[in-house]
Amino acid sequence: QVQLVESGGGLVQPGGSLRLSCAASGSIFSILAMAWYRQAAGKERELVAAITSGGSTDCVDSVKGRFTISRDNAKNTVYLQMNNLKSEDTAVYYCNARSVIDHRPYDYWGQGTQVTVSS
């Protein structure tokens, strides 16, 4: 079992910055990778950025140069630093952890945190 708790969302003006945090607890040793997804109103949930246990990262083209995913292993926490925010970044952001259960992948999800970019 893995539990994920997100924080850091809120209302920010275009061009502003936010840092989202996702604290993991439970069977963290089973986590293969963690990621941030987002879902805008009326849209499908999309992958924003991911980081593997080995430390490699990737992000969707629309946020490259603006968003950075990172982790603090000592705190079992993954972050999403969001700079130069745009209105189209408005969405509910979800933390994801991919783990292994009985030799099969399984995804855990946080409760989501709202990010609203508006002037």
Side-chain angles (χ1 to χ4, degrees):
Q1 286 285 329
V2 174
Q3 295 79 45
L4 304 174
V5 179
E6 301 110 324
S7 62
L11 175 65
V12 65
Q13 293 183 311
S17 298
L18 285 173
R19 188 180 74 161
L20 305 183
S21 299
C22 175
S25 61
S27 302
I28 57 174
F29 56 86
S30 68
I31 297 175
L32 300 177
M34 297 187 70
W36 288 96
Y37 287 72
R38 67 185 181 187
Q39 186 167 20
K43 300 294 183 67
E44 296 180 351
R45 186 174 299 188
E46 66 170 347
L47 175 67
V48 178
I51 184 167
T52 70
S53 297
S56 62
T57 62
D58 197 11
C59 61
V60 68
D61 287 344
S62 62
V63 307
K64 286 184 177 177
R66 300 189 297 120
F67 291 10
T68 302
I69 188 170
S70 62
R71 68 185 182 190
D72 185 337
N73 289 334
K75 297 181 179 180
N76 298 320
T77 300
V78 64
Y79 304 95
L80 185 67
Q81 179 66 47
M82 304 184 294
N83 299 325
N84 300 316
L85 283 160
K86 304 176 181 180
S87 60
E88 52 262 44
D89 296 319
T90 296
V92 177
Y93 285 71
Y94 296 92
C95 183
N96 163 271
R98 175 157 290 185
S99 299
V100 176
I101 301 177
D102 294 331
H103 307 287
R104 293 187 177 185
Y106 185 84
D107 285 341
Y108 295 92
W109 296 92
Q111 81 284 358
T113 184
Q114 176 71 47
V115 172
T116 301
V117 184
S118 177
S119 60

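For reference, positions follow the sequence shown, starting with 1.
- When all heavy atoms of S99 and V2 are compared, the closest pair comes out as OG-CG2, 3.7 Å.
- Under the 4.5 Å side-chain heavy-atom criterion for grouping Ile, Leu, Val, Met, Phe, Trp and Tyr, V60 is not connected to Y79 through any hydrophobic cluster.
- Note that the CG atom of D107 and the CZ atom of R98 stand 4.0 Å from one another [nearest 0.5 Å].
- For the pair Q111 and E6, the minimum side-chain heavy-atom distance is below 4.5 Å.
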What pairs of donor and acceptor atoms, side-chain ones from residues 44-53 against any protein atom, are under 3.5 angstrom apart with sequence neighbours left out?
{"unit_1": "E46", "atom_1": "OE2", "unit_2": "R38", "atom_2": "NE", "d": "2.8"}
{"unit_1": "E46", "atom_1": "OE2", "unit_2": "R38", "atom_2": "NH2", "d": "3.2"}
{"unit_1": "T52", "atom_1": "OG1", "unit_2": "G54", "atom_2": "N", "d": "3.3"}
{"unit_1": "T52", "atom_1": "OG1", "unit_2": "G55", "atom_2": "N", "d": "3.4"}
{"unit_1": "T52", "atom_1": "OG1", "unit_2": "S56", "atom_2": "N", "d": "3.3"}
{"unit_1": "T52", "atom_1": "OG1", "unit_2": "S56", "atom_2": "OG", "d": "2.9"}
{"unit_1": "S53", "atom_1": "OG", "unit_2": "I31", "atom_2": "O", "d": "2.8"}
{"unit_1": "S53", "atom_1": "OG", "unit_2": "L32", "atom_2": "O", "d": "2.7"}

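- Ion pairing between D89 and K86 fails under the 4.0 Å rule for side-chain N and carboxylate O.
- Note that OG of S17 is 6.5 Å distant from CG of N84, once rounded to the nearest 0.5 Å.
- In this structure, I69 CD1 and Q81 CD are separated by 12.0 Å, a value rounded to the nearest 0.5 Å.
- The ring pair (Phe, Tyr, Trp, His ring centres under 6.0 Å) test applied to Y94 returns no partner, not counting sequence neighbours.
- For the ring pair (Phe, Tyr, Trp, His ring centres under 6.0 Å) test, residues two or more places apart in sequence or in another chain that qualify with Y108 are Y106.
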### Message
Checking M82 against V12 for the side-chain contact (heavy atoms from CB on, under 4.5 Å) test, could you report, in this order, the C-alpha distance in whole Å, the side-chain angles of both residues, the deciding distance, and whether it holds?
### Response
CA-CA 11 Å; M82 304 184 294; V12 65; over 6 Å; no
Cut-off 3.5 Å, no hydrogens considered: what does the side-chain donor-acceptor table look like for residues 22-29, sequence neighbours left out?
{"unit_1": "S25", "atom_1": "OG", "unit_2": "Q3", "atom_2": "OE1", "d": "3.4"}
{"unit_1": "S27", "atom_1": "OG", "unit_2": "Q1", "atom_2": "N", "d": "3.4"}
{"unit_1": "S27", "atom_1": "OG", "unit_2": "Q1", "atom_2": "O", "d": "3.4"}

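- Between T113 and S7 there is no side-chain heavy-atom pair separated by less than 4.5 Å.
- Applying the disulfide bond (SG atoms under 2.5 Å apart) definition to pairs two or more places apart or across chains, none involves residues 27-90.
- For residues 10-20, there are no salt bridge (Lys or Arg N to Asp or Glu O under 4.0 Å) pairs, not counting sequence neighbours.
- Within the 4.5 Å cutoff, no side-chain heavy atoms of V92 are placed close to those of Y37.
- Separating the CG atom in L80 from the OH atom in Y93 is a distance of 7.0 Å, to the nearest 0.5 Å.
- The shortest side-chain heavy-atom distance between C95 and W109 does not fall under the 4.5 Å cut-off.
- Between L4 and A97, the shortest heavy-atom distance links the atoms CD1-N, 3.6 Å.
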#### Entry: Stepwise side-chain contact (heavy atoms from CB on, under 4.5 Å) check, V78 with W36
CA-CA 9 Å; V78 64; W36 288 96; 4.1 Å; yes
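- Side chains of Q114 and T90 form a contact here, defined as non-hydrogen atoms less than 4.5 Å apart.
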